Amino acid sequence: MVDRPKLLLSDLPLQAQPALSRILDANLDRAREGLRIVEEWCRFGLNSSELATECKQLRQEIAKWHTPELRAFRDTLGDVGTELSHPQEETRANIGQLLQANLCRVQEALRVLEEYGKLYLAEMGSAFKQMRYRAYVLETNLLGYQRQQKLLQSSLYLVTSASENLFAVVEAALEGGLTLVQYRDKTANDDVRFEVAGKLCKLCHHYEALFIVNDRVDLALAVDADGVHLGQQDMPIATARQLLGPHRIIGRSTTNPAEMQRAIAEGADYIGVGPVFATPTKAEKAATGLEYVRYAAQNANLPWFAIGGIDPSNLNDVLSAGADRIAVVRAIMQAEQPTLVTQYFISQLTRVQTLRNYRSHLPQSHA
Ligand SMILES: Cc1ncc(COP(=O)(O)OP(=O)(O)O)c(N)n1
Ligand SMILES: Cc1nc(C(=O)O)sc1CCOP(=O)(O)O
Ligand SMILES: [Mg+2]
């Protein structure tokens, strides 16, 4: 990396010099500003010093190219582009959209700097090419980190069933604070699955919720889902990981300690623990009872969701056995008021999590 590039503008035709300088100056600003916006979220929103440091280092490297000579041609009042803005820039629906827009802005600016930079100094083109790839890696790492954080924060998991009111029910639950949804439909044709999964994925992302696809890695990739849920009869986790890459979520169903230990060893991001109670939604699987929930509470070192026959009437038994995350189908899909049921589940789960967290910080004699 050249520490302080030497300006070769004088080699260019006279009339091109101010234009080139203004393009480089504007895009150096754009890239630095976009990175600063992303950095703030990494630092204060995600508490990730690793991601914040990468943003900062990229910004500092870009700043080295922002020489006084380039700034000298700045003419903000004469810039015909300052009043051109897209309506989407006026509003941002959520943090995800804000980050996406700014990462895109950074990558575009780096591309401009790479192309026009070549006219200025050969090293500038290759330096900005490398930085553009670093920005892509930053985006992927940031997205992966956001997903894992959201998974950790999710205490309630809605697994869908086929329903005429599918979108309305899911949206009602999202309104109630749901942050994790799995699309599960064992009978639909692939064209229907693809269309429904795509729409659900957009709906969930609009509410900043994670969207997982049951069974099908191909479908998860096709709709850009956050991950996939695999049962014991589905694809091996290692194969799914190869196909999905390191940043998507992989969940695994488990019914006994051996399956749990294997899922952990194979690199699952979370597991299902059940069926806790017998359920018509999965009639072929025998209930494990609360004993396996107690085992999970003592032994699982990754996020785990008790599943199977859970509803408001038996929730307390599941919580008392040690669960602080649950997954449900009928309790929400068939609820008269899905928003209220969602809010009830989340409030109870948050209550036990807060209590357990508080107890874990007490001296042993008070716990
Ligand atoms: C959260 C969660 N846990 C378990 C399951 C069940 O998955 P699987 O055993 O593959 O059965 P099907 O759902 O495919 O019938 C799940 N879907 N989600
Ligand atoms: C899809 C599924 N998997 C289970 C498992 O234990 O692996 S239990 C289950 C169904 C859960 O549905 P409901 O909340 O309607 O009982
Ligand atoms: Mg399955």
Side-chain angles (χ1 to χ4, degrees), residues 150-152 154-163 166 169-170 173 178-188 193 197 200 204 209-220 225-237 239-240 249-260 262-264 266 268-293 295-296 300 302-315 317-318 321 323-335 338 341-342 344-345 349:
K150 183 125 277 177
L151 175 65
L152 281 176
S154 298
S155 56
L156 177 64
Y157 191 174
L158 170 62
V159 180
T160 65
S161 55
S163 158
L166 177 65
V169 175
V170 172
L178 181 73
T179 52
L180 183 55
V181 174
Q182 180 189 132
Y183 171 53
R184 177 177 183 270
D185 187 333
K186 308 297 280 187
T187 55
R193 281 200 181 113
L200 273 182
C204 291
L210 293 170
F211 179 70
I212 307 289
V213 172
N214 181 249
D215 294 343
R216 296 279 297 271
V217 172
D218 57 344
L219 190 56
D226 296 294
V228 72
H229 184 91
L230 301 171
Q232 293 291 322
Q233 268 78 52
D234 297 321
M235 180 185 285
I237 292 178
T239 312
I249 292 167
I250 299 180
R252 180 70 122 191
S253 315
T254 71
T255 302
N256 55 54
E259 287 177 0
M260 174 188 292
R262 200 164 48 243
I264 295 172
E266 287 173 358
D269 295 300
Y270 76 84
I271 52 170
V273 165
V276 181
F277 305 115
T279 167
T281 316
K282 194 123 185 95
E284 71 280 10
K285 232 177 174 183
T288 61
L290 290 167
E291 204 43 49
Y292 184 44
V293 176
Y295 177 88
L302 78 178
W304 58 277
F305 294 83
I307 184 170
I310 301 172
D311 60 33
S313 74
N314 58 25
L315 176 66
D317 299 336
V318 182
D324 56 15
R325 291 186 176 88
I326 60 162
V328 298
V329 180
R330 287 165 306 143
I332 290 179
M333 290 308 297
Q334 293 177 14
V341 176
T342 301
Y344 175 75
F345 278 139
L349 289 158

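None of these values were measured; they are calculated from a predicted model. Counting convention: from 1, in listed order, for ligands and their atoms alike.
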Separation of Glu266 CD from Leu230 CG (nearest 0.5 Å): 10.0 Å

Identity and separation of the nearest protein heavy atom to atom 7 (O) of ligand 2: Lys285 NZ, 2.9 Å

Shortest non-hydrogen contact from Met333 toward Ser163: CE-CB, 3.9 Å

Whether Thr279 side chain and Thr281 backbone form a donor-acceptor pair below 3.5 Å: yes

Donor-acceptor side-chain pairing of Tyr292 and Thr254 below 3.5 angstrom: yes

Numbered atoms of ligand 1 (with element) below 4.0 Å of Gly272, judged on heavy atoms: 3 (N)

Protein residue, atom and distance nearest to atom 2 (C) of ligand 1, heavy-atom basis: His229 CE1, 3.2 Å

Euclidean distance, Ser155 OG relative to Arg325 CZ, rounded to 0.5 Å: 7.5 Å

Donor-acceptor contact present, side-chain Asp185 to main-chain Ala188, <3.5 Å: yes

Residue selection (non-hydrogen contact nearest atom 6 (O) of ligand 2) among Pro275, Gly308, Gly309, Ala306: Pro275

Heteroatom proximity flag, Val329 to ligand 2, N/O under 3.5 Å: yes

Expected output: side-chain Arg252 to main-chain Tyr270 donor-acceptor under 3.5 Å: no

Contact with ligand 2 for Arg184, non-hydrogen, under 4.0 angstrom: yes

Identity and distance of the protein heavy atom lying nearest atom 8 (P) of ligand 1: Ser253 OG, 3.4 Å

Positive for side-chain contact (heavy atoms from CB on, under 4.5 Å) with Leu151, one of Asp226, Leu210, Ile212: Leu210

Backbone or side-chain N or O of Tyr157 under 3.5 Å from ligand 1 N or O: no

Closest protein heavy atom (residue, atom, distance) for atom 12 (P) of ligand 1: Lys186 NZ, 3.4 Å

Any N/O pair Asp215/ligand 1 closer than 3.5 Å: yes

For Arg184, atoms of ligand 1 separated by under 4.0 Å from a heavy atom: 12 (P), 13 (O), 15 (O)

Close N or O approach (Ser253, ligand 2; < 3.5 Å): no

Gap separating the OH atom of Tyr157 from the NE2 atom of His229, nearest 0.5 angstrom: 6.5 Å

Shortest non-hydrogen contact from Leu290 toward Val318: CD2-CA, 4.0 Å

Ligand 1 N/O within reach of Leu230 N/O, cut-off under 3.5 Å: no

Gln182 and ligand 1 - part of the residue with a heavy-atom distance under 4.0 Å: side chain

Minimum heavy-atom distance between Val213 and Ala220, given as atom pair plus value: CG2-CA, 3.8 Å

Atom indices of ligand 2 within 4.0 angstrom of Val328 heavy atoms, with elements: 14 (O)

Distance-only N or O hit between ligand 2 and Ile307, under 3.5 Å: no

Close-contact set for ligand 2 against Thr279 heavy atoms, below 4.0 Å: 12 (O), 13 (P), 15 (O), 16 (O)

Pair Thr255-Thr288, side-chain donor/acceptor within less than 3.5 Å: no

Distance filter under 4.0 Å to Gly231 heavy atoms, resulting ligand 1 atoms: 8 (P), 9 (O), 10 (O)

Numbered atoms of ligand 2 (with element) below 4.0 Å of Gly274, judged on heavy atoms: 6 (O)

Atom indices of ligand 1, in the order listed, that fall short of 4.0 Å to a heavy atom of Lys285: 9 (O)

Name of whichever N/O/S atom of Asp234 is nearest to the Mg ion (ligand 3): OD2

Ligand-side contact atoms (ligand 1) for residue partner Asp234, heavy atom cut-off under 4.0 Å: 10 (O)

Polar atom proximity, Lys282 to ligand 1 (N or O, under 3.5 Å): yes

Short side-chain to backbone donor-acceptor contact, Asp324 and Leu349, under 3.5 Å: no

Backbone or side-chain N or O of Ile310 under 3.5 Å from ligand 2 N or O: no

Side-chain (Thr160) to main-chain (Arg184) donor-acceptor, under 3.5 angstrom: yes

Among the N, O or S atoms of Asp215, the one nearest the Mg ion (ligand 3): OD1

Heavy atom of the protein closest to atom 4 (C) of ligand 2 (residue, atom name, distance): Lys282 CD, 3.8 Å

Lys/Arg N to Asp/Glu carboxylate O, Asp215 vs Lys186, below 4.0 Å: yes

